[in-house]
Amino acid sequence: DPHYIVECAIMRRQIFVQYVNEPFNVSLIFILNKKCKSLMKQKFFILLWLIVFGAIHHQMRGIVPSPNPTVDDTERLKMALAYFQSEKYQEALNLFHQLDKEYQLNPRYRAYIGLCHYQLWNYAEACNYLDSVSSALQVFAPAEQAVYYYANAESHFLLKEYQESITYFEMFLNVCHANEKADAYYRLGFCYLYQHHWLTAYEYFSSALSYYRQFGVTQQKRQRLVQLPKMLRGCRKHLKIVTESVQLSDSSLISIQRIL
């Protein structure tokens, strides 16, 4: 297919030129993997992986912050990254832990450990690692930051640590693309709902529904289009009760009356 070949060549050049002089970024590869599944088939992603891996091969000795990593250590790191890319998170985690114990990996690679724990449903450990490097993530590209912030926010949410979850979902919203915001708004709605902040929950649920309708929703999450109007009705019901039983400020009352 000529069109397929041209797109391969263009993306190959773009990736090589952009990343040949930068540290290896597996989070970017993780994102590209998801995009390529819908764009050009999985076999094309394998080609991209080989291109980028080859482009940064000469940098491998500098990835682990050690003066003279052995060839064996470099190979272990390459193997850990390969396991991560192929979604073999437990195998990747085992190697990353070994390297972190021996060399104290830099924040990016500790964030990879956090992502491995997240993918393995070890949410407490995911939070420990991602929280510990959160202040160092701002130097990375927005798309990479978004991966870490979302995984951290989701992990805190599943641990019922809603205030921490709110913090990281808000950070995610500052760096993500518009078509990625609906899921964050959806989760934020529940964060505030579980804390009985009905007005804020209503606003986030409303935003989530609007973004899902604008940008679409995956088949796996289509039930949210049915659920969200029910959540909005439930919030309005609670807000009506609040207005009848609690003395509110004029601004809060105006906001609630607008919804009701």
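Residues: numbered from 1 along the sequence shown.
- Within the 3.5 Å criterion, the main-chain N or O of Leu105 finds a donor-acceptor partner in the side chain of Asp100.
- Atom CD of Glu154 is separated from atom CZ of Arg187 by 4.0 Å, given to the nearest 0.5 angstrom.
- When hydrophobic clusters are built by joining Ile, Leu, Val, Met, Phe, Trp and Tyr residues whose side-chain heavy atoms come closer than 4.5 Å, directly or via intermediates, Val139 is grouped together with Phe172.
- For the pair Gln145 and Gln138, the tightest heavy-atom approach, listed with the atom from each and the gap, is NE2-O, 3.5 Å.
- Side-chain atoms of Ser210 do not come within 3.5 Å of backbone N or O of Ser206 as any donor-acceptor pair.
- Note that OH of Tyr168 and OH of Tyr148 are 14.0 Å apart. Values are rounded to the nearest 0.5 Å.
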| said: Before you tell me yes or no, could you show the steps for Glu125 and Tyr123 under side-chain contact (heavy atoms from CB on, under 4.5 Å), namely the whole-Å CA-CA distance, both residues' side-chain angles and the distance that decides it to 0.1 Å? | reply: CA-CA 5 Å; Glu125 285 300 309; Tyr123 299 121; over 6 Å; no
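- Shown here for Arg224 and Asp183, the closest heavy-atom pair between the two residues is NH1-OD1, 3.2 Å.
- Ring geometry for Trp198 against His238 counts as parallel: the plane angle stays under 30°, on a 0 to 90° scale with 60° as the upper cut.
- Interatomic distance, CG of Leu209 versus CG of Leu228, reported as 5.5 Å (0.5 Å rounding).
- Ring geometry for Phe157 versus Phe169: interplanar angle over 60°, hence perpendicular rather than tilted (30 to 60°).
- Separation of the Phe205 and Phe190 ring centroids falls under the 6.0 Å cut-off.
- Atom CZ of Phe96 sits about 12.0 Å away from atom CE of Met79, to the nearest 0.5 Å.
- Screening residues 225-235 for side chain to side chain donor-acceptor pair (under 3.5 Å), with sequence neighbours left out, gives Tyr186-Gln227.
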| task | Go through the steps for Tyr185 and Leu173 under the test side-chain contact (heavy atoms from CB on, under 4.5 Å), then give the verdict. | result | CA-CA 9 Å; Tyr185 287 139; Leu173 288 169; 3.7 Å; yes
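- Residues Arg76 and Gln98 have side chains in contact (heavy-atom distance under 4.5 Å, counting atoms from C-beta outward).
- Put simply, NE2 on His197 and SG on Cys235 are 12.5 Å apart, with the number rounded to the nearest 0.5 Å.
- At distances below 3.5 Å, at least one donor-acceptor pair connects side-chain atoms of Gln195 with backbone N or O atoms of Cys191.
- Without hydrogens or angle criteria, Asn94 side chain to His97 main chain gives no donor-acceptor distance under 3.5 Å.
- In terms of heavy atoms, Gln220 sits closest to Gln223 at O-OE1, 2.8 Å.
- When hydrophobic clusters are built by joining Ile, Leu, Val, Met, Phe, Trp and Tyr residues whose side-chain heavy atoms come closer than 4.5 Å, directly or via intermediates, Trp121 is grouped together with Tyr89.
- Residues Tyr211 and Ala178 come closest through the heavy atom pair CD2-O, 3.4 Å.
- Between the side chain of Ser155 and the backbone N or O of Ala126, no donor-acceptor pair lies under 3.5 Å.
- Ser132 contributes a side-chain N or O that, together with a main-chain N or O of Tyr129, makes up a donor-acceptor pair within less than 3.5 Å.
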| request: Run the numbers on Leu81 and Gln85 for side-chain contact (heavy atoms from CB on, under 4.5 Å), then give the verdict. | output: CA-CA 6 Å; Leu81 299 176; Gln85 183 274 329; over 6 Å; no
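- Taking each heavy atom of Leu93 and Cys116 in turn, the nearest pair found is CD1-CB, 3.9 Å.
- Remark: the backbone N or O of Tyr83 is not paired with any side-chain donor or acceptor of Glu91 at under 3.5 angstrom.
- Considering CG of Leu115 and CG of Leu130, their distance stands at 6.0 Å, rounded to 0.5 Å.
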| task | Would you please test Asp131 and His156 for side-chain contact (heavy atoms from CB on, under 4.5 Å) and show each step? | result | CA-CA 10 Å; Asp131 285 348; His156 280 294; 3.2 Å; yes
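- Nearest heavy atom pair, residue Leu137 against residue Ala111, reads CD2-CB, 4.5 Å.
- Relative to the six-membered ring of Tyr202, Arg236 misses at least one condition, a distance below 6.0 Å or an angle of at most 45° to the axis.
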